[in-house]
2 protein chains.
Amino acid sequence: MESEAVLAALSALAQETRLAVFRMLVRCEPDGMAAGDLAKTVGVPANTMSVHLNVLSRAGLISSERHSRSIVYRADLDRFRALMTFMLKDCCGGRSEICAPLIADLVPCCPPKETVDG
Amino acid sequence: MESEAVLAALSALAQETRLAVFRMLVRCEPDGMAAGDLAKTVGVPANTMSVHLNVLSRAGLISSERHSRSIVYRADLDRFRALMTFMLKDCCGGRSEICAPLIADLVPCCPPKETVDG
DNA sequence: CCCATATTTCCATTATTCATGAAATATGGA
DNA sequence: TCCATATTTCATGAATAATGGAAATATGGG
């Protein structure tokens with residue numbers, strides 16, 4: 001992931017409404033949610049929501065697909081993962097002792113398939 | 001980590017100079033780097049750097065300690081880890097299949113001590 | 001105390017972001 | 001075609017952030 005894209009993604013998430021929207025969309029995976037429903041749920045006018053959705057889209061964090069009259073938005077988990085990986089690789093930077101605790105923190109929640117007995 | 005603190009941290013990192021500074025400080029752990037050296041390295045005036053360092057400090061991502069005439073800044077890896085954990089817990093959200101690939105991606109770099117054969 | 005170094009604070013300017021009413025666009029039904 | 005629904009785009013004002021010159025503060029050496 002390029003540094004420019006990382007900045008765009010961080011900027012996109014560094015705003016109350018957009019962070020709430022993104023978290024909501026992550027929880028709604030893989031169904032997604034329509035723009036109007038997001039506006040109602042988060043409590044902002046439709047046009048304001050539209051602007052925020054556009055920011056998240058340009059940052060590559062969400063995608064959209066028209067379903068009849070609605071436009072359904074979905075979180076792009078691959079992109080989000082790429083962002084997290086970028087941030088964490090800095091943290092590791094060849095010295096695995098630094099972020100091993102983070103991995104240890106996450107593994108109970110998300111065991112990597114390969115290392116779990118099959 | 002509180003949502004407000006998460007927003008402050010994301011905002012702090014969502015700026016070119018500050019992201020560069022933070023990455024630099026992570027790489028300089030545990031020695032840290034003086035404000036003036038950071039300004040020279042990143043290529044901004046000392047007063048501009050001071051403002052950015054203050055933003056990162058208020059977000060809890062860095063700490064400072066005076067060493068004689070210099071003020072040495074260090075990355076707060078625990079805080080950074082807390083931020084990453086907050087972001088990733090959303091991603092998992094009870095459905096571990098979502099971010100297991102991210103863990104798999106990171107584990108080669110940072111094997112958690114407990115699950116590696118001894 | 002006086003000076004040099006290191007950093008921060010103050011201030012003004014410019015740039016960016018946010019919010020929202022109003023208008024425009026896209027879809028589907030009668 | 002006309003209408004209702006869903007969403008976006010446009011225009012504008014308000015708020016916030018970024019930058020850097022100049023001055024202020026803190027430290028250590030003589």
Side-chain angles (χ1 to χ4, degrees), chain A residues 3-25 28 31-76, chain B residues 3-25 28 31-76:
Chain A
S3 182
E4 198 179 342
V6 169
L7 280 173
L10 289 174
S11 298
L13 294 174
Q15 202 278 339
E16 190 172 8
T17 300
R18 292 195 297 261
L19 183 60
V21 165
F22 185 74
R23 297 181 70 187
M24 174 70 65
L25 288 178
C28 289
D31 296 334
M33 192 183 282
D37 293 338
L38 282 167
K40 278 191 209 102
T41 304
V42 174
V44 300
N47 58 352
T48 300
M49 177 55 70
S50 180
V51 173
H52 286 309
L53 289 171
N54 190 36
V55 172
L56 286 164
S57 285
R58 274 188 281 115
L61 289 167
I62 64 176
S63 61
S64 61
E65 193 177 340
R66 183 175 279 276
H67 284 196
S68 178
R69 266 178 285 200
S70 297
I71 296 182
V72 172
Y73 283 86
R74 287 188 54 190
D76 187 326
Chain B
S3 182
E4 197 178 345
V6 169
L7 280 173
L10 290 174
S11 299
L13 294 173
Q15 202 277 341
E16 191 174 7
T17 300
R18 290 194 297 260
L19 183 60
V21 165
F22 185 73
R23 297 181 69 188
M24 174 69 65
L25 288 179
C28 289
D31 297 334
M33 192 183 282
D37 292 339
L38 282 167
K40 278 190 210 104
T41 304
V42 174
V44 301
N47 57 351
T48 301
M49 177 56 70
S50 180
V51 173
H52 287 309
L53 289 171
N54 190 37
V55 172
L56 286 164
S57 285
R58 274 187 280 116
L61 289 166
I62 64 176
S63 62
S64 60
E65 193 178 340
R66 183 176 279 278
H67 283 198
S68 176
R69 267 179 283 199
S70 297
I71 295 182
V72 173
Y73 284 86
R74 287 188 55 188
D76 187 326

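Reminder, nothing fancy here: chain letters follow the sequence lines and each chain counts from 1. Nothing here was measured: the structure is a model prediction, and the numbers come from that model.
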All pairs passing salt bridge (charged side-chain N to carboxylate O under 4.0 Å, His left out) where residues 14-23 of chain A contributes a residue, at least two apart = A/Arg23-B/Asp90
message = Strictly by salt bridge (charged side-chain N to carboxylate O under 4.0 Å, His left out), give each pair with a member in residues 53-67 of chain A just once, sequence neighbours left out.
response =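 Qualifying pairs: none.
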Heavy atoms only: give me the nearest [X]-[Y] pair and the separation to one decimal.
X	Y	value
B/Ala59	B/Ala8	CB-O, 3.7 Å
B/Ala75	B/Ile62	CA-CG2, 4.2 Å
B/Cys28	B/Met33	SG-CE, 3.5 Å
B/Asp76	B/Gly60	CB-O, 3.5 Å
A/Ser70	A/Ala34	CB-CB, 3.9 Å

Counting any heavy atom closer than 4.0 Å, what does [X] reach on the DNA or RNA strands: base, sugar-phosphate only, or nothing?
X	result
B/Ser50	base
A/Ala34	sugar-phosphate
B/Ala46	base

query = Near DNA chain D, which residues from residues 57-64 of chain B have a heavy atom under 4.0 Å away?
reply =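 Residues of residues 57-64 of chain B under 4.0 Å from DNA chain D: none.
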ask   = Are the side chains of A/Met24 and A/Val21 in touch, meaning some heavy atoms are under 4.5 Å apart?
value = no
inquiry  = When you compare the side chain of A/Leu13 with that of A/Leu56, does any pair of heavy atoms fall below 4.5 Å?
reply    =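 Answer yes - side chains close enough.
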Would you kindly give the [atom1]-to-[atom2] distance between [X] and [N], to the nearest whole Å?
X	N	atom1	atom2	value
A/Met49	D/dT9	CE	P	15 Å
B/Met33	C/dA6	CE	P	15 Å
A/Glu65	D/dT8	CD	P	14 Å
B/Leu53	C/dA6	CG	P	16 Å
B/Asp37	C/dA6	CG	P	9 Å

All pairs passing ring pair (Phe, Tyr, Trp, His ring centres under 6.0 Å) where residues 36-71 of chain B contributes a residue, at least two apart =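 Those involving residues 36-71 of chain B do not exist here.
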ask   = Does A/Tyr73 put a side-chain nitrogen or oxygen below 4.0 Å from OP1 or OP2 of D/dA6?
value = no
Please write out the pairs of protein N or O atoms and N or O atoms of nucleotides 23-30 of chain D separated by less than 3.5 Å, giving the distance to one decimal.
none

query = Counting N and O atoms only, with roles assigned by atom type, does the side chain of B/Ser57 sit under 3.5 Å from a partner on the main chain of B/Leu53, one being a donor and the other an acceptor?
reply =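 It does hold such a pair.
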request  = Quick one, give me the B/S/- string for nucleotides 12-21 of chain D, reading 5' to 3', where B means a protein heavy atom under 4.0 Å from the base and S means that only happens at the primed atoms, P, OP1 or OP2.
outcome  = ------SSBB
